[in-house]
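Please read the structure below before turning to the comments.
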Amino acid sequence: MAGVALWAIAAPALAQTVPAGAPQADGDVDMEIITVTGTRIKGNFEAPTPVQSIGTELIDQRGTTNVANVINEIPAFTGTLTPASTNLNSRQNGVNVVDLRGLGTNRNLVLVNGRRSTPFDEFENVDLNVVPSLAIERVDVVTGGASAAYGSDAVSGVINLIYNERLDELKLNAQYGISDRGDAANLRLSGAWGSFFDEGRGHILLAADYDDNKGIPKANARGWQRRSPAIVSNPADTDGDSDNPSDGIPAFMFRDNAVLFIASPNGVTLPGGPVGNLEFFSDGVARPRILGDVYGTFMSGGSGSRLADQTALVVPTERFNVLAAVSYEVAGGVEAFGEASFARSKSRGALVNAFSFGGDRGLVIKPENPYLPADVAALGQSFTLYRTFEEFDPITSASRTESMRFVGGLKGEFGSNWSWEVSAQYGQTDFSNKQYNNLLVDNLVKAADAVQVGDDIVCRVNADADPLNNDAACVPINVFGKGSPSQGAIDYITDTGVSKTRIKQTVFSAEIGGELFEGWAGPILATVGGEHRKQKLHRTANAPNDNEEFLIVNAQPLDGKYDVTEGFAEVVIPLLAGDQRLDFNGAARYTHYSTVGNVVTWKAGLTFDPIDILRFRGTISRDIRAPSIGETFVETVLLFGNLSNPFDPGSGTSLVRVPLSGNVNLSEESALTKTLGAVLSLGSFRASIDYWDINLKDAIGSLSPQDVVNRCFAGETDICSLITFGPDDSLFEVRQQNLNLGTYKLRGLDFEARYSTELGNGTLGLGAVASYLIHKKIAPSGGTPLDVAGELGGRNAGGMPDFKATLSANYEAERWGAFVQARYIDGGVYDVTFGPEDLSNEDNNVGSVIYVDMSVKFKFESANGKGTEIYAGVDNLFDRTPPVLPVDFISNSATNASIYDVIGRKYYVGVRARF
């Protein structure tokens, strides 16, 4: 792997600005040269780009069963796509995808051993479930733009998972964990073996990892979820008036025990008319519905549905990985290397009960329906029934990812200080997704429209004499009262949605680097190279998906491909030497995409050491993200929507074609990234502070059809090209198409410190890592940016805490060790757009949260320093519950699971062995 060379020694296991074990001032140490992500230059040089490094010590101390869990605890990361935050994600549930800066899961680049990983979906997200954690030596995180060094997607930074290619032992690990409530059980079995052979000319690494996490299958397993909170309209609000526009009465308020007003498991009608406000029961009787306090869609108390209770709180996930890596010196200074890996990850979690909430495809009940209670039928009125279905299991998403990856190449050295490498890799990911018990909406409508024919009850379509309108499979359904539908009817109105995606990635790369010549202040170093990458995706979907028949998801077939040819160069020029040192680091990359054409990225940086203990560093770079296959090639899906037409104000709303499609004319997203920082080193104390600024333009997104119409009417003529008008300014079609129209502006500070000292018979290590978000101004679809820094309720996309920090301490003695850390999440607001007239200060303010984790271990060492170690730990020691932050009626939980722990106190025990 290319990178900056540093000297490594044993050091406290903390997330660090340099690898665990940078040189210390005193003492004899056993040294070896390692390389660090952040630059492709090799030599005695430290890159100006900030790099955090997580060693195996921290991974062990945290007792994690997935390296993604440790990465997501770094304050600069957000858990956007994890098994706890994808509960309601119909196609990405159970994955573990990292999100640096909260800028987007596909705007940071994930490398495995310094090479691009194969994504699992059309948006080029990488699932860390496929990585065998025990094989990892460390994880490097570049917290600044790195597109010039590594290519597309490295806008917010790079996450490099580095294998231990010098392992010379057998490591085994078995661990079991369970929550304080008896759920979220987790079993992990893993092993890694490495050995040198042929007198050290070769090395082999084998690793396997099995992890079975039972998750939390239902959200109502937690008391804070059983509160069933909702944000509702305040009936006392007057909206102000001309005399008193600020009357101090908020428009919204929080209420517990909220249920859906617009549906119940029995089936209801809404108030109004002769058949209004009825609830139907399985005994064939309709009674006046019991209402609570009604607040629009919700009500507090009364008879209604609680859809969120059935949703998985943490998606159960099972994964298995196996890896083999080998290297061999085939000739003097030339080494052949290869990697082969296979991974399988499976997850299955409930999404939501099927429902029918009216609309164009709602349940319209006619008075001649034979299942209708006689007294209601006698009224002679047709009406709409609103219902959720608890007769069958919730719509459940099951995903399966199988990934294989092969790498081969040669590398070597020549002259006194030149090195080279050529490699080829092939990766393939097969991702399948199923939605069990998905509702076939049109089938439900046909089955519910039942009529009596002689002694039989049949679907109306089959009572029609015209055979062209018949549906021989239709089974009439009794929708009146929970438990009334027959199994035959349930089988007719439900089916399993299936989509299968295959992604293929091929990469050829080469680079060479070394000392060009001796400059006035030291050797001038350079690396040049090139890369060619091909990526192809093919997705199929079964007929109900393809024909848009399901209530949710309706995955569409997709085919797309692109290829990329790149050339890059990086240089280091010492400008000052001696007591004060100043180095310049510059990089440039020229890229040709078959989709967006030619792109240039670059980076320029300086490091300045005015004295031995202090270093200043700064960079400025242009970084890009090329459009993904999903954004570019998604096929047109014909949908319809009710839109209002400001061009013809008297027309009201009308049903308009609103097709959804990709855009082959998309260009790349581009960002200007700046970092400026300082590093202080005093013996065994090291601290750093870095300012960072990311300004992303031309972000890819799409507008809602109504927004397209409104913005065209307001004068944005470019948007008008998405509209096809009919006669007299009527709306015929409004296209939903991906466009380069968004902006993201983020600015913040990262702080890190670590210190170690001898204490008693062991070593005490202390660490602090923090990230402060100055602002995050985003406009994903263009328009006026919104600063979502400090928003914790999740109502506006991208909200994040202003401040996050982790304080840690570990003590390492000869036979035992202990570790404790406190993770602090700053308080904020529920919704940054709300003021006192929208929501009371009490409801809008969200308090800070501290999670404390600890672990202990005891070693049974053998004579050679290896042996067995038993360990135990507790996550969320004080069982801190998350803030209750109500979202919508099909919310996965009553909090923001991308920020807060939803499991509670969790214990784990395990044993590690080294031979």
Side-chain angles (χ1 to χ4, degrees), residues 1-3 37-42 47 49 106-119 124 126 142 144-160 405 407-411 419-427 503-513 525-537 560-572 585-605 619 621-629 631-632 666-673 698 700:
M1 186 201 79
T37 314
T39 173
R40 288 185 177 268
I41 297 291
K42 291 184 177 180
T49 307
N106 57 359
R107 293 192 178 103
N108 46 219
L109 178 61
V110 176
L111 306 176
V112 176
N113 244 23
R115 301 176 184 89
R116 186 179 289 264
S117 186
T118 308
E124 304 192 6
V126 174
V142 179
S147 290
Y150 294 102
S152 175
D153 307 338
V155 175
S156 59
V158 171
I159 299 91
N160 191 4
R405 183 170 178 265
V407 179
L410 297 169
K411 62 182 177 181
S419 62
W420 57 272
E421 179 178 308
V422 293
S423 67
Q425 72 179 62
Y426 173 78
I503 300 172
K504 296 180 179 181
Q505 183 187 80
T506 306
V507 184
F508 301 93
S509 62
E511 65 178 82
I512 184 171
L525 310 174
T527 295
V528 297
E531 183 173 291
H532 181 74
R533 174 164 51 100
K534 291 184 177 181
Q535 198 141 301
K536 182 178 181 180
L537 182 146
K561 62 181 179 179
Y562 65 83
D563 59 80
V564 187
T565 303
E566 305 180 276
F568 61 86
E570 186 173 1
V571 65
V572 172
N585 175 217
R589 177 178 291 254
Y590 175 83
T591 307
H592 176 76
Y593 289 90
S594 60
T595 50
V596 300
N598 300 326
V599 178
V600 175
T601 55
W602 52 264
K603 180 189 78 171
T619 65
S621 62
R622 182 182 188 266
D623 304 289
I624 63 104
R625 182 181 78 87
S628 67
I629 287 175
E631 291 163 327
T632 305
L666 287 171
S667 62
E668 73 280 1
E669 301 179 343
S670 62
L672 188 67
T673 305
D698 299 322
I700 298 170

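The NZ atom of K534 sits 9.0 Å away from the OG1 atom of T565 when rounded to the nearest 0.5 Å. Here the CZ atom belonging to R115 is positioned 10.5 Å from the CD atom belonging to E531, to the nearest 0.5 angstrom. For the atom pair E631 CD and I700 CD1, the distance stands at 4.0 Å (nearest 0.5 Å). Here the CD-OG1 distance, from Q535 to T118, works out to 7.5 Å after rounding to the nearest 0.5 Å.
For the pairing with Y593, the side chain to side chain contact (heavy atoms under 4.5 Å, CB included) check across V599, N598, D563 returns one residue only, V599. Partner of E570 under the side chain to side chain contact (heavy atoms under 4.5 Å, CB included) criterion, chosen from V528, L525, T39: T39.
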D623/R107 under side chain to side chain contact (heavy atoms under 4.5 Å, CB included): CA gap, chis, key distance, verdict: CA-CA 10 Å; D623 304 289; R107 293 192 178 103; over 6 Å; no
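Across all their heavy atoms, E124 and S628 have their closest contact at OE2-CA, 3.7 Å. The two residues T595 and K561 make their nearest non-hydrogen contact at CG2-O, 4.5 Å. T632 approaches P627 most closely through the heavy-atom pair OG1-CB, 3.4 Å. Closest approach of S147 and R622 over heavy atoms only: CB-O, 4.3 Å. Taking each heavy atom of V600 and Y590 in turn, the nearest pair found is CG2-CD1, 3.9 Å. Minimum heavy-atom separation, Q425 to R116: NE2-O, 2.8 Å.
No donor-acceptor pair under 3.5 Å is formed between the side chain of R533 and the backbone N or O of V564.
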